Structures are given as structure tokens and as C-alpha cells.
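To find a chain, count down the sequence lines: A is the first, B the second, and so on, and within it residues start at 1. Predicted model only: the values in this text are computed from it and were never measured.
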There are 2 protein chains.
Amino acid sequence: MIRVLLAEDQGMMRSALALLLDLEDDIEVVATVTRGDEVVPVALTARPDVALLDIEMPGASGLEAAAGLRDGLPGCRVLILTTFGRPGYLRRAMEAGAAGFLVKDGPVEELAAAIRRVLAGEKVIDPALAAAALSTGASPLTDRERDVLAAAADGATISDISRRLHLSESTVRNYLSAAIGKTGTRNRIEAAHTARHNGWL
Amino acid sequence: MIRVLLAEDQGMMRSALALLLDLEDDIEVVATVTRGDEVVPVALTARPDVALLDIEMPGASGLEAAAGLRDGLPGCRVLILTTFGRPGYLRRAMEAGAAGFLVKDGPVEELAAAIRRVLAGEKVIDPALAAAALSTGASPLTDRERDVLAAAADGATISDISRRLHLSESTVRNYLSAAIGKTGTRNRIEAAHTARHNGWL
DNA sequence: GCACCGGTAGGACATTTGTCACGGGTGGGC
DNA sequence: GCCCACCCGTGACAAATGTCCTACCGGTGC
């Protein structure tokens with residue numbers, strides 16, 4: 001039996017996946033969690049062979065959880081399952097030691113198949129997505145530029161950001177300008193859009 | 001047997017729900033579609049008793065599809081199933097003649113139960129959500145304000161919007177200013193956030 | 001040692017954005 | 001007929017935003 005840990009915050013998706021996976025006779029869902037920060041502690045006692053992680057979760061992202069698992073439970077394979085096939089997500093998933101990356105499109109049968117394949121040591125990645133990740137390249141944003149852009153993306157003004165990040169207003173303007181330039185856009189809103197689209201936020 | 005039409009664009013969710021519903025012995029999924037604009041045509045031949053509609057779909061939203069069904073196939077009950085419990089969504093769903101409104105949290109068992117209840121003529125609505133919808137109130141935005149804010153939300157500048165909507169730049173500024181005022185926010189980004197959060201876009 | 005990059009900051013400047021006061025037009029409700 | 005809401009527009013003004021240049025500091029790589 002393949003022991004699976006399932007991390008997914010959306011209730012209906014979580015229970016549907018758990019039910020479907022349990023229908024497979026070689027797969028057993030040994031634990032389900034709803035928050036990213038519960039993944040590692042629960043995995044340490046449940047000892048899954050494969051962890052199926054959503055990315056967008058409260059507490060911690062699936063990518064952070066993947067990195068935590070690599071350190072805390074190295075034998076456990078990580079399979080990322082996400083709504084958004086953003087190039088940056090795939091890149092970061094691989095850097096966090098994930099063995100596979102699936103998007104929540106495509107049929108459910110893919111899922112069980114992917115679980116068996118990562119357990120056999122294979123890497124499971126959508127080829128089209130891999131190509132997109134390679135062509136898009138790594139994020140051009142520095143850490144600070146990312147922070148500032150993320151803050152600006154939810155409506156903060158320059159002075160809000162400067163207070164929130166303990167920077168001078170001039171510095172914030174410089175970072176924002178740099179982020180806009182590097183993303184090839186015309187203002188902070190477009191910059192935030194393309195950064196999000198590419199998984200750079 | 002309860003005949004169900006399932007409209008959901010996300011592949012894994014769609015097939016998972018279809019499978020789970022078919023496991024119930026009094027429910028039969030007679031059609032699945034992936035786009036909002038396929039709902040009515042398919043329903044006219046498949047003749048479902050209940051239509052289970054996602055809101056965010058390509059082609060047309062589930063809310064538009066619900067209105068189409070009310071006109072084209074009045075006997076069919078509509079059950080909206082969505083990720084976001086936005087007050088405005090619930091309000092618009094009811095106005096479009098929906099019999100129920102479920103969020104994709106909570107267990108899958110709720111789903112089959114809700115289907116049976118709407119077929120029995122009941123309205124199925126999360127009480128907490130109903131309270132939020134009532135307290136938030138209807139959208140204060142006029143049609144034009146909504147259009148302009150929506151355009152601004154994805155990075156368009158004033159002159160972009162004026163060209164896209166065939167308005168003068170001054171007019172666009174006035175509408176944006178009005179939208180910012182009515183949402184009680186400080187700039188277009190915050191205005192877009194709260195409008196989206198409340199389901200006004 | 002030196003070049004380079006990232007973080008931080010200031011100043012000057014043009015552009016964009018947001019506000020306000022005002023006007024006109026249209027259509028619906030009482 | 002009158003009022004009101006919505007549509008569309010102008011002009012002026014203040015505030016925020018975006019760009020560019022300069023500068024200093026610490027670390028990293030050669």
C-alpha cells in the first residue's frame with residue numbers, strides 16, 4: 001500500500017480527492033491536513049510515502065512545506081498539486097525538492113498514475129509547463145523588489161509601504177520603479193499582474 | 001433518479017464531483033460541460049432536473065448561465081457551487097433564479113444533500129453567507145463605474161480605459177473617483193480589491 | 001584590490017492620478 | 001411637469017506616482 005498525505009485547504013476538493021484515492025486498491029490516504037504548517041508535524045507521525053500538496057494554503061505554502069519535508073522526512077516524495085501552472089511555481093517546487101508537479105486540470109486518473117510514478121523514482125512534470133518555466137526564466141526581482149511589489153499589489157501607497165517595511169519613501173519608489181522596469185510594464189498594477197502570473201510573488 | 005448537469009471548468013474538480021455524485025444511487029450525472037456558454041444548449045437536450053454551476057468559467061459565468069436556464073428550461077433547479085462566498089455573488093445568484101448556493105468548502109456530503117433539497121423545492125443557502133450578503137448590501141456602483149473599475153483593475157491607465165470604452169479621459173477620472181469614494185477606499189487598487197471581495201465586479 | 005550587485009537613501013522632475021465644481025443630456029417615476 | 005439617477009463632458013488643482021541621477025555601504029567573486 002502506498003501511504004499518502006493530502007494537504008489541501010478547500011474542503012470539497014480535499015474530501016473528493018481523499019475518497020477517490022482511497023478507491024484505488026494500492027493507495028491509502030493516511031492523513032489529511034488543511035494548512036501548510038501542519039504538513040511536517042503530521043507527516044512525522046503518519047510517515048507517508050508520498051505527500052500531495054496544494055500551493056495556496058493558510059499557514060504556509062505547499063512550497064514551504066515541501067522544503068520542510070525534504071529536511072524532516074527525506075524519504076517522502078513530494079507531489080505538488082495546484083490550480084495555477086505558473087512557471088515560477090514549478091521552478092520553486094523543483095528547488096524545494098518536489099518529485100512532481102500537477103495542475104488541477106486534466107482527469108483524476110492522472111493523479112493516481114502520478115503518485116505511482118513518483119514513488120517509482122520518476123519525475124512527473126507537464127512538458128508544456130516545463131517549457132514555459134524554462135522560457136520565462138527565473139524571477140528578475142530581488143527580494144526587496146518582490147516585497148515592495150507585493151505590498152503595492154494590495155493597495156498600499158508609497159508611505160504605507162515605507163512604514164510597513166521600515167524603508168524611506170525614496171527607497172520604496174526606487175524599488176517599485178525597478179520592479180516595473182524589470183517586468184517590462186507601465187505601472188505597479190501591471191507589474192503585480194505579470195509577477196503573479198509568472199509565479200514571482 | 002435525479003438527473004444532474006455539472007458545469008465546472010477545472011478538470012480534476014469536475015471529474016471528481018461527477019464520480020462522487022454517480023456513487024449516490026439516486027443521482028445520475030447526465031451531462032458535464034466546461035464552459036458557461038455550453039450550459040443552456042446542453043441542458044436543452046440532456047433535460048437535467050438540477051444544474052450544478054460553478055461561477056468562474058470561460059465563455060459565460062455560472063450566474064449568466066443560471067439566468068439563461070430560468071428562461072430556457074424553467075423546470076430545472078439551479079445550484080451554484082463556487083470557490084468564493086462573495087456577498088454579491090449570492091445576491092446575483094438569487095436574482096438569477098438559483099435555488100441554492102454552496103461554497104466549495106465543507107464536506108462533499110453536503111452536495112448530494114443540497115441537490116435533494118433543492119429538488120424538493122427548498123432553498124439551500126449558508127446562513128452565515130446570507131447574513132453577510134444582507135449586511136454588505138447591494139453594489140453601490142453604477143454600470144459605468146463597474147466597467148471602468150474593472151478595466152483599471154488589470155493595469156489599464158486612464159487613457160487606455162478612455163480608448164477602450166470610448167469615453168473622454170475626464171469622464172473616466174470622474175467614474176474612477178466615484179468608485180473610490182463609494183467603496184470607501186483610497187485608490188483604484190483598493191477599490192478594485194473591495195469590489196472584487198464583495199462580488200461587485 | 002577591484003569590480004559588481006544588492007540594499008538603502010536623497011533630490012529633481014515629468015506624468016499620472018484623484019478631487020472638486022460645474023455643465024448638459026436622457027429617461028423613469030410620481 | 002418635475003425630480004432624480006445616471007450618463008457624459010470640461011477645467012483646474014493637489015497629491016501620488018514613476019524616472020533618473022547620485023551616493024554610500026557590505027558582501028562576493030576573481
Report task. Could you check whether B:R173 gets within reach of a base, just the sugar-phosphate, or nothing at all, counting any heavy atom under 4.0 Å? Result -> base

Report task. Would you mind classifying the nucleic acid contact of B:N174 as base, sugar-phosphate or nothing, using non-hydrogen atoms under 4.0 angstrom? Result -> base

Query raised in the report: B:S168 near the nucleic acid: base, sugar-phosphate alone, or nothing, with a heavy-atom cut-off under 4.0 Å?
Result: sugar-phosphate

Report task. Taking only heavy atoms on the protein side, list every residue of residues 145-162 of chain B lying under 4.0 Å from any atom of DNA chain D, sorted numerically. Result -> none

Report task. Using a heavy-atom cut-off of under 4.0 Å over every strand shown, decide if B:T171 touches base, sugar-phosphate, or nothing. Result -> base

Report summary line: To the nearest 0.5 Å, atom OG1 of A:T82 lies from atom CD of A:E8 at 9.0 Å

Query raised in the report: Charged N to carboxylate O below 4.0 Å: is that the case for A:D54 and A:R14?
Result: no

**Report entry** DNA chain D contacts made by residues 177-192 of chain B, counting heavy atoms under 4.0 Å
**Finding:** none

**Report entry** d(CG, A:L141; P, C:dC5) in whole Å
**Finding:** 16 Å

**Report entry** C:dG6 OP1/OP2 closer than 4.0 Å to side-chain N/O of A:R144
**Finding:** no

**Report entry** Separation of B:I115 CD1 from B:R3 CZ (nearest 0.5 Å)
**Finding:** 13.5 Å

**Report entry** Pairwise distance CZ(B:R188) to CD1(B:I180) - rounded to 0.5 angstrom
**Finding:** 7.0 Å

Query - Separation of C:dA12 C1' from A:E169 CD (nearest whole Å) - result: 16 Å

Query raised in the report: Of all nucleotides in DNA chain D with an atom under 4.0 Å from a non-hydrogen atom of chain A, which is the first and which the last going 5' to 3'?
Result: D:dT17 to D:dC21

